[in-house]
Number of protein chains: 2
Amino acid sequence: MDDEPDEAVLEGADSLCRRLGVRLTPQRRRVLAILRASDRPLGAYEILEAMRDGARALAPPTVYRALDFLVEQGLAHKLESLHAFVGCTHPDHPHSSQFLICADCGLVTELENDAIARSLKSAASESGFEPRRPVVELIGTCAACSVKEGPR
Amino acid sequence: MDDEPDEAVLEGADSLCRRLGVRLTPQRRRVLAILRASDRPLGAYEILEAMRDGARALAPPTVYRALDFLVEQGLAHKLESLHAFVGCTHPDHPHSSQFLICADCGLVTELENDAIARSLKSAASESGFEPRRPVVELIGTCAACSVKEGPR
DNA sequence: CGCGATCCGGTAACAGTATAACGTAAACCG
DNA sequence: CGGTTTACGTTATACTGTTACCGGATCGCG
Ligand SMILES: [Zn+2]
Ligand SMILES: [Zn+2]
Ligand SMILES: [Zn+2]
Ligand SMILES: [Zn+2]
């Protein structure tokens, strides 16, 4: 866990939402804070668990709605291959990113690689296809884990 | 639906499995036939439904096991963003492919684009990451649907 | 052929992920 | 202020995927 206050990022999110004319409500801000405080992707039900106030438990739609909002604004991303969510590492501008997912330790790295984006776009337009939401997730072994386990 | 017998493809699958030393049992062959006969991705429970013999219903593990096998041998692919499966359009050689998924009509096109594969590999290795299972799914609008609905 | 090892598939129960539908309250805008 | 939109709490339910256990088919080999 990164237990830095992380307030700077959240204020950045505040101002981004003001620019976009949407509301970063306390509920949504809280979900974003939970994502940002985690060093790994979280499932919706893990977030739900993290949000519980003692005996008081929320229901799934609450967290799914907040997640829908955050993903829509680019403040978080959904990892389709994991059924899990991560906070965006650079939410200031619209972007389509790519993810490196270590199957061994769970580490996830968000890339924003122009060469990939271009090759996707050009392959799509060869087919007359207009991409709107690219899903690019490479599942494999991160550098640290490659060293740990050595060449198989 | 493509209601061609499609027997040629299934025999191709037979011989591929013989080469690989694995068994394309009647059950697995049947699931593959259902996938190949569909013009769109099918969910596991849709396949289950398609396999039922009158009153006789199968249970989920049966179809999931067959799907695991087919995906492992490269005879079918899983579309993570849809929780659905498609038969591979060119299963004769090992490959990592990319998918264009029309959000409007459901059309799915499997690409095998070298430029994309290279850009992914090179971006990964810059991070010391060793990709094993690439997930590349572009969700958007296909050529036909772009024409139908016109430029938004 | 006899026999153990392995693979395959039927079955029941369940775990995990996501949404529908409905109502209330708060925020926004004229 | 009144009307509209947006957010959120709640219940129930749908959809997706897995665990565990067992019987039977198939394979390898003496
Ligand atoms: Zn991002
Ligand atoms: Zn790792
Ligand atoms: Zn393929
Ligand atoms: Zn289309």
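The figures that follow rest on heavy atoms only: side chains count, while hydrogens, waters and symmetry mates do not. Below, chain A is the first sequence line, B the second, and so on; all start at residue 1.
Going from atom CG of B:Leu48 over to atom P of C:dG10 covers 11 Å, rounded to whole Å. Following rounding to the nearest Å, B:Asp68 (CG) and C:dC8 (C1') show an atom-to-atom distance of 13 Å. Between B:His83 atom NE2 and C:dT19 atom C1' the separation is 12 Å, expressed in whole Å. Residue A:Arg52 contributes atom CZ, which lies 15 Å from atom C1' of D:dG9 at whole-angstrom precision. Atom CD of A:Glu80 and atom C1' of D:dT16 are 14 Å apart (whole Å). In this structure, B:Glu46 places its CD atom 15 Å from C1' of D:dG17, rounding to the nearest Å. With rounding to whole Å, B:Leu67 atom CG is found 15 Å from C:dC8 atom C1'. Note: CG (B:Leu42) to P (D:dC15) measures 15 Å, nearest angstrom.
For A:Tyr45 and C:dA18, a side-chain-to-base donor-acceptor distance below 3.5 Å is present, hydrogens and geometry of angles not being considered.
The residue A:Phe69 sits apart from the nucleic acid: no heavy atom pair falls under 4.0 Å. B:Thr25 comes within contact range of the sugar-phosphate backbone alone, with a heavy-atom separation under 4.0 Å but no base atom that close.
The local environment of CD in A:Glu130 is sparse, with at most 12 non-hydrogen atoms from other residues, nucleotides or ligands closer than 6.0 Å. Within 6.0 Å of CZ in A:Arg52 there are more than 12 heavy atoms belonging to other residues, nucleotides or ligands.
Mapped onto DNA chain C by nearest heavy atom, B:Arg28 and A:Ala44 fall at different nucleotides, with B:Arg28 at the one closer to the 5' end. Both B:Arg23 and B:Arg65 lie near DNA chain D, and the one whose nearest nucleotide falls closer to the 5' end is B:Arg65. Between B:Ala57 and A:Pro61, the residue anchored nearer the 5' end of DNA chain C, judged by the nucleotide with its closest heavy atom, is B:Ala57.
In this structure, the helix from C:dC1-D:dG30 to C:dG30-D:dC1 shows an angle of 40° between the axis at its start and the axis at its end, each fitted on 5 base pairs and rounded to 10°.
From B:Glu80, atom CD reaches atom CG of A:Leu79 across 11.0 Å, with rounding to the nearest 0.5 Å. A distance of 7.0 Å separates CZ in A:Arg19 from CG in A:Asp92, rounded to the nearest 0.5 Å. How far CG of B:Leu48 is from OG1 of B:Thr62: 7.5 Å, rounded to the nearest 0.5 Å.
Between A:Thr62 and D:dG9, a side-chain N or O to OP1/OP2 separation shorter than 4.0 Å is present. Not one side-chain nitrogen or oxygen of A:Lys78 sits closer than 4.0 Å to the OP1 or OP2 atom of C:dT17. The phosphate of C:dA18 (OP1 or OP2) has a side-chain N or O of A:Tyr64 nearer than 4.0 angstrom.
Taking the side chain of B:Phe85 as heavy atoms from C-beta on, and the options C:dA18, D:dG17, D:dC8, the nearest nucleotide is D:dG17.
Of all the heavy atoms in B:Leu16 and B:Pro91, the pair that sits closest is CD2-O, 3.4 Å.
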Using the rule given for side-chain hydrogen bond (donor to acceptor under 3.5 Å, both in side chains), can you reason through B:Ser81 versus B:Glu137, listing the C-alpha separation, both sets of side-chain angles and the distance that settles it, and then say yes or no?
CA-CA 7 Å; B:Ser81 63; B:Glu137 302 173 13; 2.6 Å; yes
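At least one side-chain heavy atom of B:Phe69 sits under 4.5 Å from a side-chain heavy atom of B:Val22.
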